[in-house]
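Read the structure below first, then the notes.
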Amino acid sequence: MTVQADVARRRIEELLREHEEQILTRWVQLAKAPSGELLDIYRALRSALDQGMGDLADVRGLLAELSRTRARAGHAPADTARAVFGLKEALYEVVESDGEPEALRGFIWFSRLIDDLGLLTFETFSDAREKIILDQAEQLLELSTPVVKLWEGIVAVPLIGTLDSARTQVVMEKLLQTLVDTGAEHAVIDITGVPAVDTQVAQHLLKTVVAARLMGAECVISGIRPQIAHTIVTLGIEFGDIVTKASLADALAHAFKRSGVQVTQSKHARIAVRAEGA
């Protein structure tokens, strides 16, 4: 830095120190942000200036936290950037009143510094929003893949929508955890709500069944509609010895039979009774 530039920078430091209250009040008005947050950023910036701009870590950290907080609150990234840029306008009013050439030259340097910090808020904001979206997508996946207990020792996974790799992983994890928690020996994977079954979807289903078998549970795939059955045959997909049923009711009846539960029907109601030897 040249002597002239150093003088200009020092003049800006003096103005920031001498007119702190005026600049902060105006900055709060322009930024529309809590005064406490801006005060911390202002003082961290002044501290960095006093140290010769060797370390802006504190300033960057405070701005990053401000961006993340605003991202979670639903603000636009431009709002956060404008809040930072507002410091330039607040300082310029003081510089203009001062009128010294050194102050004007120093303001140009200070503007470039604030521009860089403003760009940092954009980057941090984008990263924070991306993480929020990923977290929300993961939560939706978990909500869309419930594992329910149908009977003692029998659980079911009703699938609705497309089954991709990410969702298969969630299904597998939730099913295996439920098998551990309940000690169930039979699992029904119902694909009635899956619009189509291709080779990739079939592979995902097979992986889930194999994982459940490793936990000692027998799996039944239900919801094999005529169209899906035709597709499976056309594609040459082999389910091997995996039991498949047309409906959830058929799959449940199979699971009852395998677990030793007898199902009888009266004139008025269907009653399930566990066999004595079960």
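The analysis underlying the following values was restricted to heavy atoms, covering all of them including side chains, and did not include hydrogens, waters or symmetry mates.
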Which residues pass the side-chain hydrogen bond (donor to acceptor under 3.5 Å, both in side chains) test with [X], not counting sequence neighbours?
X      : value
Lys257 : none
Arg60  : none
Ser247 : Asp250
Gln177 : Asp181

Non-neighbouring partners of [X] that pass side-chain contact (heavy atoms from CB on, under 4.5 Å), sequence neighbours left out:
X      : answer
Ala251 : Val188, Val220, Ser222, Lys245
Leu62  : Asp40, Ile41, Ala44
Ile108 : Arg112
Asp127 : none

Residue pairs involving residues 201-214 (criterion salt bridge (charged side-chain N to carboxylate O under 4.0 Å, His left out); sequence neighbours excluded): Arg213-Asp241

Residue pair Ala90 / Trp27: nearest heavy atoms and the distance that separates them: CB-N, 3.9 Å

Arg258/Glu185 ion pair, N-O < 4.0 Å: no

Set of salt bridge (Lys or Arg N to Asp or Glu O under 4.0 Å) partners for Asp190, sequence neighbours left out: none

Those residues that, when tested against Asp116, pass salt bridge (Lys or Arg N to Asp or Glu O under 4.0 Å) (two or more places apart): none

Could you give the side-chain donor-acceptor pairs of residues 92-99 under 3.5 Å, partners two or more places apart or in another chain?
unit_1, atom_1, unit_2, atom_2, d
Glu93, OE2, Arg26, NE, 3.0
Ser97, OG, Glu93, O, 3.0
Asp98, OD1, Arg11, NH2, 2.4
Asp98, OD2, Glu100, N, 3.2

